[in-house]
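Following: one structure in structure tokens, then a few remarks.
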2 protein chains.
Amino acid sequence: MRDDPTELAEQVSAVLRHLVLLLRRTVAGQPVTSQQYAVLGSLEPGPRRMTELAEEHAVQLPTMSVQINRLEEAGLVARGSDPADARVRAVELTDEGRVRLRAVRQARIAHLSRELAALSDDERAALAVALPALAKLGRT
Amino acid sequence: MRDDPTELAEQVSAVLRHLVLLLRRTVAGQPVTSQQYAVLGSLEPGPRRMTELAEEHAVQLPTMSVQINRLEEAGLVARGSDPADARVRAVELTDEGRVRLRAVRQARIAHLSRELAALSDDERAALAVALPALAKLGRT
DNA sequence: CAGGCTAAGTTAGTTAGGCTAAGTATCATG
DNA sequence: CATGATACTTAGCCTAACTAACTTAGCCTG
């Protein structure tokens, strides 16, 4: 039973917990939190409505509402309105938000690069091959 | 530059965010939170002191203290004392805690197994190969 | 052996980030 | 044009992280 999904699942479970810790360290001390960073990332291509953002980040609408409140107070995003439908709010990055996003992304990439540099070539190669599978995992 | 750590880091970063969402769904609705589950897991082999637990889970001592408070109120762990040093508290699983841990572990494994079953054999194989590398990532 | 330092935990207070329930404003429709 | 649906927001309640400040216990040194 080498391909037993249960056995594999146990290992994946253990690794998941491990990655949570890694992520915590990757994000520690940065000027935006992990979730804020993720939301800023969603806004990079252009304005989005609240409902879209909430769905994309798998949270309820009120959660995203509060999240955007904080980002707005910080001056990183702005709430606009949709001329076609006055109920929807079009959230977009401010210039400062765009700058901040880039800076944080740089820092995160740099941190992860350092971690990855500690691996062997074979390990990095294995990782590269497995990433698509990992990416597929959530999208059941 | 196919092996460029920076490029790989970007992909890893994206996948990490994805896995956070997966983990959220995996844990949703279970009788203990993700962190509580992790702490219970640490206690399975035997009693541990607060400091050890805090370090292992990469949190400050007060955070673990509160965490253990809740688990103690729920009857899942018990605080004992070290006869050799009256300052240290030896935290251990109660019988109920042990039962709960097993149940939650089952549920998590089952959930992940279902996700994994949706992958192809090749993808599962790739995942299995990459897991050791992922596990190594945090331990810089 | 008294005083002071260090170590282990706890408590209090703040913030982020989830949730549900309830409220408001706008749109669409019978 | 009244009524229901849609898009958000607000309020209130949790978990979970942090720092700062406190207590208690052990250790060491003059």
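Protein chains get the first letters and strands the later ones, always in sequence-line order, with residue 1 at the start of each.
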Exercise. Say you draw a straight line from CD of A:Gln11 to CG of B:Leu112; how long is it, rounded to the nearest 0.5 Å?
Worked result: 11.5 Å
Exercise. Quick one: which of C:dA21, C:dT11, D:dA7 gets closest to the side chain of B:Asn69?
Worked result: C:dT11
For this session: Examine distances only and state if a side-chain atom of B:Arg108 and a backbone atom of B:Thr26 form a donor-acceptor pair shorter than 3.5 Å.
Result: no
Problem set entry | Interatomic distance, B:Arg49 CZ vs D:dT24 P [rounded to whole Å] | 20 Å
For this session: Return the value, rounded to whole Å, for the distance between atom CG of B:Leu61 and atom P of D:dA21.
Result: 17 Å
Exercise. What's the closest nucleotide to the B:Arg24 side chain, out of C:dG18, C:dG17, D:dA25?
Worked result: C:dG18
Exercise. Would you say A:Ser13's side chain and A:Ala9's backbone share a donor-acceptor pair under 3.5 angstrom?
Worked result: no
Exercise. For B:Pro83 and B:Gln35, take the nucleotide of DNA chain D holding the closest heavy atom to each; which residue's nucleotide lies nearer the 5' end?
Worked result: B:Gln35
Seminar exercise, completed: Rounded to whole Å, CD of B:Gln36 lies from C1' of D:dT15 at a distance of 8 Å
Problem set entry | Proximal nucleotide (of D:dA7, C:dG17, D:dT19) relative to the B:Pro62 side chain | D:dT19
Exercise. Looking at D:dA16, D:dA17, D:dT9, which one has an atom nearest to any side-chain atom of A:Met50?
Worked result: D:dT9
Exercise. Between the side chain of B:Arg124 and the main-chain N/O of B:Leu116, is any donor-acceptor distance below 3.5 Å?
Worked result: yes
Seminar exercise, completed: Heavy-atom nearest nucleotide on DNA chain C taken for A:Ala58 and for B:Ile68; more 5' hit belongs to B:Ile68
For this session: Establish, with yes or no, whether the OP1 or OP2 oxygen of C:dC19 is under 4.0 angstrom from a side-chain nitrogen or oxygen of A:Thr63.
Result: yes
Exercise. With a non-hydrogen cut-off below 4.0 angstrom, is A:Arg70 in contact with a base, only sugar-phosphate, or nothing?
Worked result: base
For this session: Check every atom of D:dA16, D:dC8, D:dA17 against the side chain of A:Thr51 and return the nucleotide holding the closest atom.
Result: D:dC8
For this session: Figure out the OH/P separation between A:Tyr37 and C:dG17, and round it to whole Å.
Result: 15 Å
Exercise. Hey, does the side chain of A:Gln60 come within less than 4.0 Å of D:dC8's phosphate (OP1/OP2), counting only N and O?
Worked result: no
Exercise. Would you say the base of D:dT6 and the side-chain of A:Arg87 have a donor-acceptor pair closer than 3.5 Å?
Worked result: yes
For this session: Select one nucleotide: of C:dG9, D:dT9, D:dA17, the one nearest the side-chain heavy atoms of B:Ser65.
Result: C:dG9
Exercise. Looking only at atom types and distance, does a side-chain atom of B:Thr94 sit under 3.5 Å from a main-chain N or O of B:Gly75, one as donor and one as acceptor?
Worked result: yes
For this session: For A:Glu73 and C:dT15, give me the distance from atom CD to atom C1', rounded to whole Å.
Result: 12 Å
Problem set entry | Distance, rounded to the nearest Å, where A:Arg89 contributes CZ and C:dA25 contributes P | 13 Å
For this session: Using a cut-off of strictly less than 4.0 Å, decide whether B:Gln67 has a side-chain nitrogen or oxygen near OP1 or OP2 of D:dA16.
Result: yes
Exercise. Closest heavy-atom contact between B:His57 and B:Ser42?
Worked result: NE2-OG, 2.7 Å
Exercise. Could you give the CG-to-C1' distance, from A:Leu53 to C:dG17, as a whole number of Å?
Worked result: 16 Å
Exercise. Between atom CE in B:Met64 and atom P in C:dG9, what is the gap in whole Å?
Worked result: 11 Å
